[in-house]
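Values reported hereafter were calculated over all heavy atoms of this structure, with side chains retained and with hydrogens, waters and symmetry mates removed.
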Amino acid sequence: IMKLNSFDGFIGESDMKMNGEITNYMGYTKDLMSDTITPSGTLGGRLNYASKVFYTDEWLDTTEVAAEAQSVGEVPIGSYEDNAVPKNIHFVMDAEIDKIIYDNMDITDAKGELLIKDGIVDMSGLKMTILGGHFVMNGQYNTSNPIKPAFDFKMKIDRLSFQKSYETFNTVKKLAPIAENIVGTFTTDFEVSGLLDPELMPVYDKLNGFGDFFIENAKVKDLALLEKITEATKMYKTDKVTLENTNIKAEIKDGKIIFQPFTSKSGETDITIGGSRSLDSILDLDVKLDMPAGKAGEVMKGTLAQYGLDQAVGDRVIVPLKVTGKESNPKIKVLGATSSGGLTSVKELGKERAKAEIDKAKDDAKKEVDKAKEAEKQKILADAKKEADKLRAEGTYQGKKVKDEAYYQAKELEAKSSKPWEKATAKIAADKIRKEGEVKEKEVIKEANQQADKLMFEAQKKADSI
């Protein structure tokens, strides 16, 4: 055991203070020198770590990853290994950092416990403040399989700005770009898991999660969806929406966001929205407008007349809509109209016309959804093939690396033998090493191909289920 009573200094511009103990450093050093990993070479210990300012750019450098790809379509060889957590380290670290400078954001008041073991970083009660929002995280960064690094987190976030989250987090831009159009903050209790690519970004079509989002007071502006609803219904200011004390239950399935119906307000009109958004920005939403009957009669007489509601009965009128197509230019279908007195027809002709219009709108909406589903299927298969090709290329590279190392060891063994009888014995041992290297190469390639085949099988199964 080596005790560290006190360390106070800088690495680069990052200050740090540490104390604690380190165990088995001799066994670890021995393995390090021989380039092997054995059970007796695990480095252990517990450290208390503190810093006033920690600069992550001094520790993380992803600029070489892309440069390592030597031709179009080539996998950045070794990049997964570069991000792997060593399996021969068993460390517990209690960290407290006043400020972390990371990319385009400042993280403050970070504290929590990290357990590093078996290629996994386990975070427990990690607290921090990011962009004014308060985070509490529990979960894992798992590189026990270096080719498929994974994460699994439970997060509690209190009062984080929608627009700041959009500006800062690529995941928000990819999955929920609507955040750019919302002025206000949200609070969430969310669980999310998935795989990471060599640059430690989520593999979006492998992302899964669920949780609740609470919005105390926010305004939505300049959103294409709302503008299209206004255009389709001829209603006034449905593109000006507020969210007050709203709870939204959401789920992520392989990158697709699915949310349960929730209600927002536009003046005296309630707008209820539920449905899904795919990774390709395809919307499949059910929308319901619930408005005072008098106002509906004034602003959309022509639309309501098609459904026999030109003389609406009851206090309120409900207009269901179907939204499909690209998020940037969605298509809106008016499915009908009802009043608080029930489905109303002033004339029989109104009934017939209403039914025909509803059937046509549903049929058109189904065609749009089917078209979007087919596009999503093709993307799932294309993305899976791309990932499978990466796995196969990585397996080929790693297998060759194992064989080359065996050949190198064999050559070194033969070179050290000078006497005839030593050479004969060395050749037998060297041939055995080469043969073992060739066998291991095939095993590595076989395993990578099996992973790639499984990936394609799962992708086909997923595409067939859409």
Sidechain N-carboxylate O distance under 4.0 Å for D286, K322: yes
Donor + acceptor pair across side chains of T187, D158 (<3.5 Å): yes
Test item: side-chain donor near acceptor, Q163 and E167, under 3.5 Å: no
Centroid-centroid distance, F162 to F186, less than 6.0 Å: yes
Test: R392 and D453 ion pair at under 4.0 Å: yes
Between CG on residue D109 and CD1 on residue I97, distance to nearest 0.5 Å: 11.0 Å
Between H90 and T42, a side-chain donor and acceptor under 3.5 Å: no
Between OG on residue S193 and CZ on residue F153, distance to nearest 0.5 Å: 10.5 Å
Any donor-acceptor N or O pair under 3.5 Å, side chains N181, D222: no
Lys/Arg-Asp/Glu bridge criterion (N-O < 4.0 Å) met for E21, K3: yes
With D383, the side-chain contact (heavy atoms from CB on, under 4.5 Å) member among D205, L455, V203: D205
Lys/Arg-Asp/Glu bridge criterion (N-O < 4.0 Å) met for K265, D270: yes
Carboxylate-amine/guanidinium proximity below 4.0 Å for K462 and E376: no
Salt-bridge criterion met for D280 and K326 (N-O under 4.0 Å): no
